[in-house]
Amino acid sequence: MRRVGQYAALVAYVAFLAFPLLWLLSTALKTPQEMALTEPTWIPREPTLANFGDAFGEQDLIGAALRSLVVALFASVITVLISLPAAYAMARHRGLVNKLAIGWVLVSQVFPFILIIIPLFMILRDLDLINTLPGLVVVHVTFTLPFALWMLQGYVRAVPRELEEAAAVDGASRLRSIASVVAPLLAPGVVATLLFAFISSWNEFMFALVVLQNPDVMTLPLTLVRFTGPEGVARLGPLAAASLMATIPSLIFFAIIQRRLKSGLMAGAVKG
Amino acid sequence: MTATVTRPAPPRGPRARRRGISRQTREMWVLMLPALVPVLLFSVGPLLYGIGLAFTDARNTRVHQTEFVGLENFSRLLTDAEFWSSFQIGAIWAVSVTVLQFLAALGLALLLNEKLRFSGLARVLSVVPWAMPPVVIGLMWKLVYHPDAGLLNDLLGTHVNWLADFSLALPAIIVVGIWAGMPQTTVVLLAGLQNIPKELYEAGEMDGAGTWRRFWNITLPQLRPVIVAITSLDFVWNINQFGLVYVLTQGGPGGRTRLPMLFAYEEAFRYRMAGYASMLGLAMAIVVLAVLGLYLWRQMREAK
């Protein structure tokens with residue numbers, strides 16, 4: 001009897017999660033005629049891929065996707081490059097700076113974006129970076145930095161100090177021991193952080209809305225919102241198709257992260 | 001910095017050791033520098049400046065002719081009916097999304113922990129909303145709530161314009177908030193559950209404790225730190241929510257879903273009231289910190 005209740009709850013959850021997703025898929029595959037029916041159909045009678053083509057025609061989707069890609073690539077690589085040494089310092093030398101850094105990571109999560117975006121907007125304007133992709137990269141780097149620091153210092157902490165010390169005893173210089181012992185063990189963590197930063201930037205909407213106001217430079221999330229128009233009277237098929245396409249990179253990256261996180265690399269390293 | 005001294009140091013003379021420490025400190029600063037500069041320049045700096053702006057009459061983002069006005073923005077905030085309405089909406093939104101999503105996620109995490117059939121599928125599905133761009137989540141739910149071609153009206157056989165209805169719009173976006181946030185909460189709680197030592201349950205069973213007692217006396221207390229952390233984070237994220245609701249309703253109908261951050265965004269970038277919008281942000285930050293502080297303080301006291 002208890003099992004029945006449990007399965008009912010599980011089914012309810014799966015349905016709650018899956019129905020909107022299936023509806024998105026179904027809408028993306030419908031013809032305009034079928035969309036106009038008073039009784040909506042679940043499974044498209046004549047599934048069509050035309051909406052995907054139309055989506056590209058109605059807005060500059062390819063351009064927007066490319067811009068999102070460029071911004072996300074630059075933002076994630078820069079974020080990891082500058083937070084990696086800092087994360088190493090945070091994890092290995094505990095002290096005042098470490099406490100301040102952790103404090104900042106926490107504070108940056110609490111403060112409303114409006115407090116920071118108005119001055120940031122002014123700074124970017126003075127630097128002539130409004131409506132430019134480098135401007136958005138700068139914003140995204142500062143936006144992903146706290147969490148990247150947090151993630152990376154956790155990964156560094158998981159690399160046992162003894163390994164580094166052992167390398168030092170063997171006569172390796174500090175840099176050498178970092179490069180040959182710490183770096184390989186850190187690689188999965190760096191990849192995970194990189195992917196996290198990439199997805200954060202790829203998905204980000206709020207800052208992009210403020211920094212990019214010219215339709216010609218808009219990233220994918222902004223362009224998607226343009227599909228709905230001011231009154232939300234959108235052509236639903238292309239809108240659904242474009243939404244699905246925008247999700248694909250995130251799904252791929254999350255699938256990779258999941259595997260990466262599961263690889264129990266640390267356990268073997270200490271024993272070996 | 002003293003912590004570095006307590007490490008089992010290799011045998012060296014006192015002078016050498018002192019020099020070693022200062023070298024380490026220097027090294028640490030060099031390593032911090034690449035991250036420190038952008039953080040100070042584009043994060044800490046603007047934040048402090050934003051706090052300063054809250055006390056000026058800056059009327060747009062060109063602030064060269066602004067004046068310090070003290071608490072004028074604050075008193076204006078207190079008498080602004082639109083602010084209070086958006087504050088109230090924000091409180092209802094953040095509390096209901098956080099609490100409901102937590103309860104649902106806790107139930108679900110307990111289920112998934114039981115290793116039922118299909119729980120693998122549920123876990124995989126759990127990741128999807130987490131990976132989706134918030135804008136896409138908003139657009140997807142617009143399709144679900146669509147008055148003509150929507151899934152919900154089809155299922156219920158109704159013809160309601162959910163997101164344009166004065167009394168239904170807020171509950172409708174709360175459901176979306178739960179959909180978007182629940183998976184992450186579930187995953188965190190599930191990880192917490194899996195860290196509870198099995199021996200505790202075995203001991204409980206031997207003492208003749210039933211399922212309910214074991215949940216109440218073992219699971220909940222053991223899970224407490226995780227619960228406190230995830231509910232406070234969820235609360236902060238929800239109160240600062242912007243993108244999802246911007247896409248769904250833009251704050252409408254008639255301001256019924258205008259969360260504080262949407263209100264602040266309009267003030268700053270539509271009406272160009274930079275000073276007033278900053279004060280709004282500052283006030284929200286203080287409220288959030290106060291609520292959070294109180295909650296964490298109570299939780300810590302009860303845990304003792």
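The chains referred to below are lettered A, B, ... by the order of the sequence lines, with proteins before strands, and numbering in each begins at 1. Bear in mind the structure is a predicted one, so any value in this text is a computation, not a measurement.
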Part of A/Tyr13 within contact of chain B (heavy atom distance under 4.5 Å):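 It is the side chain, since no backbone atom gets that close.
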By a 4.5 Å heavy-atom criterion (distance strictly below it), what part of [X] contacts chain A: side chain, backbone, both, or neither?
X	value
B/Leu48	neither
B/Leu41	backbone
B/Pro38	both
B/Val30	neither
B/Val247	side chain
B/Tyr246	side chain
B/Val175	both
B/Met182	side chain
B/Leu143	both
B/Ser232	neither
B/Leu111	side chain
B/Trp179	both

Pick from A/Ala86, A/Pro20, A/Ala89, A/Ala242 with the largest number of heavy-atom pairs that fall under 4.5 Å of chain B: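 So the answer, after comparing A/Ala86, A/Pro20, A/Ala89, A/Ala242, is A/Pro20.
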Output field: ring centroids B/Tyr265/A/Phe113 closer than 6.0 Å: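 B/Tyr265 vs A/Phe113: aromatic centres not under 6.0 Å.
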Note: B/Glu27-A/Arg92 ion pair, threshold 4.0 Å (strictly below):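 Not counted as a salt bridge, because no side-chain N and carboxylate O are separated by less than 4.0 Å.
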Side chain to side chain contact (heavy atoms under 4.5 Å, CB included) between B/Ser278 and A/Ile114, intermediate numbers included: CA-CA 7 Å; B/Ser278 300; A/Ile114 199 79; over 6 Å; no
Side chain to side chain contact (heavy atoms under 4.5 Å, CB included) assessment of B/Val39 paired with A/Trp104: CA-CA 9 Å; B/Val39 162; A/Trp104 172 247; 3.6 Å; yes
Test item: B/Val128 and A/Leu17 side chains (from C-beta on) under 4.5 Å apart, heavy atoms: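 Result no, sub-4.5 Å side-chain heavy-atom pair not found.
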Heavy-atom side-chain proximity of A/Val138 to B/Phe42 below 4.5 angstrom: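 Yes; the side chains approach each other to less than 4.5 Å.
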Among B/Val144, B/Leu151, B/Val135, residue most engaged with chain A (heavy-atom pairs, under 4.5 Å):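 Greatest number of close heavy-atom pairs with chain A: B/Leu151.
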Side chain to side chain contact (heavy atoms under 4.5 Å, CB included) assessment of B/Leu53 paired with A/Met122: CA-CA 12 Å; B/Leu53 266 185; A/Met122 297 192 288; 3.8 Å; yes
Criterion side chain to side chain contact (heavy atoms under 4.5 Å, CB included) on A/Ile117 and B/Phe269, from CA distance to verdict: CA-CA 10 Å; A/Ile117 194 69; B/Phe269 293 98; 4.0 Å; yes
